[in-house]
Amino acid sequence: MLAPLEQERSEGAQCTLGDPETVSGVLIDVAKHLGNLKYRVWEKMLGTVQYTPVTLDPNTAHPIISLSEDLTSVRRSGEGQQVPDNPERVDTGWWVLGSEGFSSGRHCWDVDVGGEHWRVGVVKESISRKGGVNVSPAGGVWGIELYDGENRALTSPRTVLTVQRNLQRVRVQLDWDRGEVSFSDPSDNTLLYTFKHSFTERLFPIFSTLGTVRICPLKVSVSVE
């Protein structure tokens with residue numbers, strides 16, 4: 001016969017749990033959830049991340065111009081800045097070069113232009129960074145400019161361009177292999193001017209201004225297969 005305390009323990013040990021009730025509709029399809037989550041995060045990133053096809057090289061910037069922190073726009077600073085006089089730096093023309101050069105393929109970038117004077121185009125890698133520069137194809141420069149109220153191609157002598165409206169944006173298209181640099185108005189795809197030349201070395205985007213110019217970001221799109 002069990003003592004009272006032992007009997008109590010024995011009765012307590014006989015307690016059993018009932019089977020859990022089955023609850024429907026609460027399970028998560030983890031694989032599907034994570035897949036959708038990744039897509040939603042990527043979709044949100046597309047709304048905030050911008051891709052700029054050309055960035056500026058601060059080591060080449062003339063001391064009188066300033067670059068934005070993201071290296072996509074340049075403006076005249078008004079006063080010369082204290083910067084190193086490194087070999088890459090341009091000391092004439094209020095220029096700044098792109099950070100990447102091109103020696104093959106096709107490349108395109110749009111530039112918002114403003115101010116009473118600006119110049120956009122490409123230059124050969126070996127162009128002189130110090131002193132006077134022959135700003136024409138003979139000197140290794142292919143571009144267009146606004147100067148004294150005229151839009152002109154940087155030929156020698158200059159070629160005045162027929163423009164229906166004040167240019168707000170210029171598209172630069174380089175086809176290195178075919179030897180072409182074209183400039184157009186992207187608002188209506190009007191061709192402004194095309195240079196033809198047999199390139200033999202790397203070309204760098206170039207920008208000059210007495211106001212502000214900005215390299216336009218591209219829209220990023222994703223296709224799902």
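Residue numbers start at 1 and run along the sequence shown.
Between the CG atom of Asn189 and the CZ atom of Arg171 there is a distance of 6.0 Å, given to the nearest 0.5 Å. From Asp185, atom CG reaches atom CG of Asp110 across 9.5 Å, with rounding to the nearest 0.5 Å. The structure places CG of Leu67 at 9.0 Å from CG of Asp57, a figure rounded to the nearest 0.5 Å. Note that the CG atom of Leu56 and the CG atom of Asp70 stand 8.5 Å from one another [nearest 0.5 Å]. The line from CZ of Phe195 to CG of Leu154 is 5.5 Å long, rounded to the nearest 0.5 Å. One finds the CG atom of Leu210 at 10.5 Å from the CD1 atom of Ile65 (value rounded to the nearest 0.5 Å).
A continuous path of Ile, Leu, Val, Met, Phe, Trp and Tyr side chains, each step under 4.5 Å between heavy atoms, connects Val181 with Leu146, placing both in one hydrophobic cluster. Residues Trp109 and Leu191 are members of separate hydrophobic clusters, defined by side-chain heavy-atom contacts under 4.5 angstrom among Ile, Leu, Val, Met, Phe, Trp and Tyr. Val74 is connected to Ile64 through a chain of hydrophobic side-chain contacts under 4.5 Å among Ile, Leu, Val, Met, Phe, Trp and Tyr, so both are in one cluster. No continuous path of ILVMFWY side-chain contacts below 4.5 Å connects Ile206 to Val111, so the two sit in separate hydrophobic clusters. Val141 and Val122 end up in different hydrophobic clusters when Ile, Leu, Val, Met, Phe, Trp and Tyr side chains are linked at under 4.5 Å.
A pairwise comparison of heavy atoms in Trp142 and His197 identifies CZ2-CD2, 3.6 Å as the closest pair. Thr209 and Gly211 make their closest contact through OG1-N, 2.7 Å (heavy atoms, listed as atom of the first residue, atom of the second, distance). Nearest heavy-atom pair across Arg165 and Ser187 is NH1-OG, 3.8 Å. Heavy-atom minimum distance, Val113 versus Arg169: CG2-N, 4.1 Å. When all heavy atoms of Ala153 and Leu161 are compared, the pair lying nearest together is N-CG, 3.9 Å.
Counting non-hydrogen atoms of other residues, nucleotides and ligands closer than 6.0 Å to CG of Asn86 gives a total above 12. Enclosure of atom CD in Glu116 is not indicated, since only 12 or fewer non-hydrogen atoms of other residues, nucleotides or ligands lie within 6.0 angstrom.
Residue pairs meeting the salt bridge (Lys or Arg N to Asp or Glu O under 4.0 Å) criterion with at least one partner in residues 132-144, sequence neighbours excluded, do not occur; the list is empty. Listed by first and then second residue, the salt bridge (Lys or Arg N to Asp or Glu O under 4.0 Å) pairs that reach into residues 147-157 are Glu145-Arg152, sequence neighbours excluded.
Proximity of a side-chain donor or acceptor of Thr155 to a complementary backbone N or O of Pro157 within less than 3.5 Å is detected. Under the 3.5 Å distance criterion, the side-chain polar atoms of Arg89 are matched with a main-chain donor or acceptor of Pro58. His107 places no side-chain N or O within 3.5 Å of a backbone atom of Gln173 that could act as its donor or acceptor partner. In this structure, the side chain of Arg129 does not engage the main chain of Pro87 through any donor-acceptor pair within 3.5 Å. Here the side chain of Trp118 pairs no donor or acceptor atom with the backbone of Phe207 at under 3.5 angstrom. Without hydrogens or angle criteria, Ser68 side chain to Ser73 main chain gives a donor-acceptor distance under 3.5 Å. Ser184 places no side-chain N or O within 3.5 Å of a backbone atom of Pro186 that could act as its donor or acceptor partner.
Side-chain contact between Leu203 and Leu174 is present, with heavy atoms from C-beta onward closer than 4.5 Å. Between Thr162 and Gln164, some side-chain heavy-atom pair lies under the 4.5 Å cut-off. The shortest distance between side-chain heavy atoms of Ile127 and Val133 falls below 4.5 Å. A 4.5 Å side-chain heavy-atom check between Arg214 and Arg75 finds every atom pair outside the cut-off. You'll find the side chain of Arg158 stays beyond 4.5 Å of the side chain of Val160, heavy atoms only. The shortest side-chain heavy-atom distance between Leu218 and Pro53 falls under the 4.5 Å cut-off.
Side chains of Glu201 and Ser126: a donor-acceptor N/O pair is present below 3.5 angstrom, by distance only.
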If you apply the rule side chain to side chain contact (heavy atoms under 4.5 Å, CB included), what do you find for Leu167 with Asn151, and how did you get there?
CA-CA 9 Å; Leu167 290 174; Asn151 291 108; 3.6 Å; yes
Just list the side-chain donor-acceptor pairs under 3.5 Å for residues 93-103, sequence neighbours left out, or say none.
{"unit_1": "Trp95", "atom_1": "NE1", "unit_2": "Gly93", "atom_2": "O", "d": "3.1"}
{"unit_1": "Ser99", "atom_1": "OG", "unit_2": "Thr55", "atom_2": "O", "d": "3.2"}
{"unit_1": "Ser99", "atom_1": "OG", "unit_2": "Thr55", "atom_2": "OG1", "d": "2.7"}

